[in-house]
Every structure is written in C-alpha cells, then in structure tokens.
Amino acid sequence: MFANKVVLVTGGSSGIGAATVEAFAKEGASVAFVGRNEARLKEVASSCQQHGANVLVIRADVSKDEEANTIVQQTVDKFGKLDVLVNNAGILRFASVLEPTLINTFDEIMNTNLRPVVLITSLAIPHLIATKGSIVNVSSVLSSIVRIPGIMSYSMSKAAMDHFTKFAALELGPSGVRVNSVNPGPVITNIAAGSGFAPELLEDTGAHTPLGKAAQSMEIGDMIVYLASDKAKSVTGSCIVMDNGLALQ
Ligand code: NDP
C-alpha cells in the first residue's frame, strides 16, 4: 500500500511510534524515524530491515529547535520527498495545579508534545503539498473527553494538538493534504513507567473500560497507516478515539 512512499515518524524508538514505523515498513514504505535512545532506535531499524524496508534513523531531541529543524531536511535528503508525517513523540508528567513547580512541568510538556509538532509540521508542509501527502498526529482521549487530576499540562498539550489538527486540515485541504489524529485511551507502552507512574497504570486503567482492556501499540499503528492511506481519502480534520470505550463512562 505504501510502496514508493516516504514516511517520517517522530518518537519511533518505542511504543506506538515503533509499532507505527514497523506497520509502514511492512506496507513497503521507506521510513525515517526520530528518537533519542540510540539502542532502541537500532532495534526498531533492524526489525524493519527484516521486512526489506529502507530506513533512516534520526537521533534527535524534538524539544531542541536546532535538532528538530533538521529532521524534515534529513528525510528529504535521503529519500527525495515526503508523503506522510506522523507527529507521535510525547511525554507524560504529573503535576497538580497546586504544585509550585507546575510551570516547569507545563513548559517541559509543551516543549515536547506541542511546540515540535508545529515546528516540524511547518517545515514538512511544502514537501507534503508537493506529494499531496498527509499528516497523522498522535493525541489522546485525555485531550478533552476524560479528565484526571494531576495531568492538566498533558491534557492541554493534546487539546491544543487537536485544534492544530483541525486548523491544519482546514487550511491544507485545498492543497490536497489531509490532517487527522488518533486519540488513544490506555495503550501498553513505556510512557507511564518512563514518567514515574506505576507501570501497571495503563493495564489497570484499561481494565476499567467497557471493553475491559488497554490497547496494544500495533492497533494504534494500524489506524495511523489507515488514516494515511488512500482508503481514508475522504477523512480530514478527524480525531479518531481508540479508547476501548473509556470516554463513554
Ligand atoms: P513511549 O514512552 O513508549 O514512547 C515515546 C516516544 O517519544 C519514544 O520513541 C521517545 O523516544 C519519544 N520522545 C519523547 N520525548 C522525545 C524528545 N524530546 N525527542 C525525541 N523523541 C522523544 O510512549 P507511547 O508510545 O505511549 O507514546 C507515544 C505517543 O502516544 C505520545 O504522544 C503519547 O502522548 C501518546 N499516547 C499514549 C498513550 C498510552 O496510553 N500509551 C495514550 C494516549 C496517547 P526516546 O525516548 O528515544 O527519545
């Protein structure tokens, strides 16, 4: 489905991003992917190469402008064009509105989950217009529908991302570029443990959904591939909730 297509995934070294990289590689895409953890980036690259995919590993911190600025150009220099951008890199941090250090957590989250999305997308837009490509953002069901005390900054970053998805879809539609997001509920990844939460948090939250489970990363990856494909050619400006029914409660 993606033979001769070029895909760029931020946060491709782990979890949802790694599954997305592999899902596109299986579909024949050339895939560039970004992260900071060199060992995990190498692991993902070697499993893609088993599918015969061309890959480009970009070791970069998206929260640093000087590194984020080079990501799109490195991809185009290597593969000659860009068809799909997946804005996936993200972190989760806990800080109550009562905490005096709230602003530090707010800045850290916005500088990772939101600002690079705007920066990297704006650098990618000329290339995506040239290919009539598409963008998929990885948001969260916590962007608007579900609220949990202590994660205001994270929820704000994802709420802003949903607005970005809709405005970009509105303004890029006439150029033939589609923009959507996937808004997962709990997915079994490293995000909770990596942020100082109990590793069981995601499984436990999933157990309390109507379907009684958390999602696996590959399910989200498969939805991202679908949204980027011609099968979704009439879908733009949509935030697709994949939460096992969490938000119904
Ligand atoms: P993981 O922690 O497994 O993966 C996060 C990815 O983001 C890693 O590849 C990490 O790479 C990358 N990343 C984080 N910070 C940076 C940075 N500064 N520069 C470059 N890369 C960075 O988490 P998930 O797979 O769960 O998270 C992926 C996305 O899914 C996030 O946006 C998250 O908000 C969203 N999401 C996750 C849910 C869940 O339950 N898991 C639910 C809803 C949304 P590295 O460490 O190598 O830098």
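Every value quoted in this text rests on a predicted model; they were computed, and no experiment measured them.
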Side-chain H-bond candidate by donor/acceptor type, Thr165 with Asn137, under 3.5 Å = yes
Verdict with supporting geometry, Gln249 and His208, side chain to side chain contact (heavy atoms under 4.5 Å, CB included) = CA-CA 10 Å; Gln249 299 169 115; His208 291 97; 5.5 Å; no
ask   = Residues two or more places apart in sequence or in another chain: which of them pass side-chain contact (heavy atoms from CB on, under 4.5 Å) with Ile103?
value = Phe106, Asp107
message = Among residues at least two apart in sequence or on other chains, which ones pass salt bridge (Lys or Arg N to Asp or Glu O under 4.0 Å) with Glu171?
response = none
message = When you compare the side chain of Arg115 with that of Asp65, does any pair of heavy atoms fall below 4.5 Å?
response = yes
ask   = Does any non-hydrogen side-chain atom of Glu22 lie less than 4.5 Å from one of Ser47?
value = yes
Name the atoms and distances for all side-chain donor-acceptor pairs under 3.5 Å in residues 188-202, with sequence neighbours left out.
unit_1	atom_1	unit_2	atom_2	d
Thr189	OG1	Ile191	N	3.1
Asn190	ND2	Ser14	OG	3.1
Ser195	OG	Leu92	O	2.6
Ser195	OG	Arg93	NH1	3.3
Ser195	OG	Ile191	O	2.6

Check: Lys5 and Glu27 side chains under 4.5 Å, non-hydrogen atoms = no
query = For Leu123, which residues count as a side-chain contact (heavy atoms from CB on, under 4.5 Å) partner, sequence neighbours excluded?
reply = Asn69, Val72, Leu119
note = Of all heavy-atom pairs linking Pro184 and Ile16, the shortest is CG-CD1, 4.4 Å
Contact list for residues 9-66, test ring-ring contact (aromatic ring centres under 6.0 Å, His included), sequence neighbours left out = Phe2-Phe24
note = Residues at least two apart in sequence or cross-chain that pass side-chain contact (heavy atoms from CB on, under 4.5 Å) with Ile125, listed by chain then number, are Thr121, Ile129, Leu172
query = Just by modelled atom types, is the Gly11 backbone N or O under 3.5 Å from a matching donor or acceptor in the Asn88 side chain?
reply = yes
ask   = How long is the span from the OG atom in Ser139 to the CG atom in Asn183, to the nearest 0.5 Å?
value = 4.0 Å
remark   = side chain to side chain contact (heavy atoms under 4.5 Å, CB included) test vs Ser143 passes for just one of Met156, Lys158, His163, namely Lys158
request  = Tell me, with the steps shown, if Asn113 and Ser157 meet side chain to side chain donor-acceptor pair (under 3.5 Å).
outcome  = CA-CA 6 Å; Asn113 292 9; Ser157 74; 3.3 Å; yes
ask   = Mind checking whether Ser153 and Met110 have side chains closer than 4.5 Å, heavy atoms only?
value = no
inquiry  = Any heavy-atom pair between the side chains of Ser134 and Leu227 that's under 4.5 Å?
reply    = no
inquiry  = Determine whether a donor-acceptor pair (N or O, by modelled atom type, separation under 3.5 Å) exists between the side chain of Thr10 and the backbone of Ala89.
reply    = yes
ask   = Does Thr209 use its side chain to pair, donor to acceptor, with the backbone of Thr205 at less than 3.5 Å?
value = no
request  = Kindly compute the distance separating NZ (Lys166) from OG1 (Thr236), expressed to the nearest 0.5 Å.
outcome  = 9.5 Å
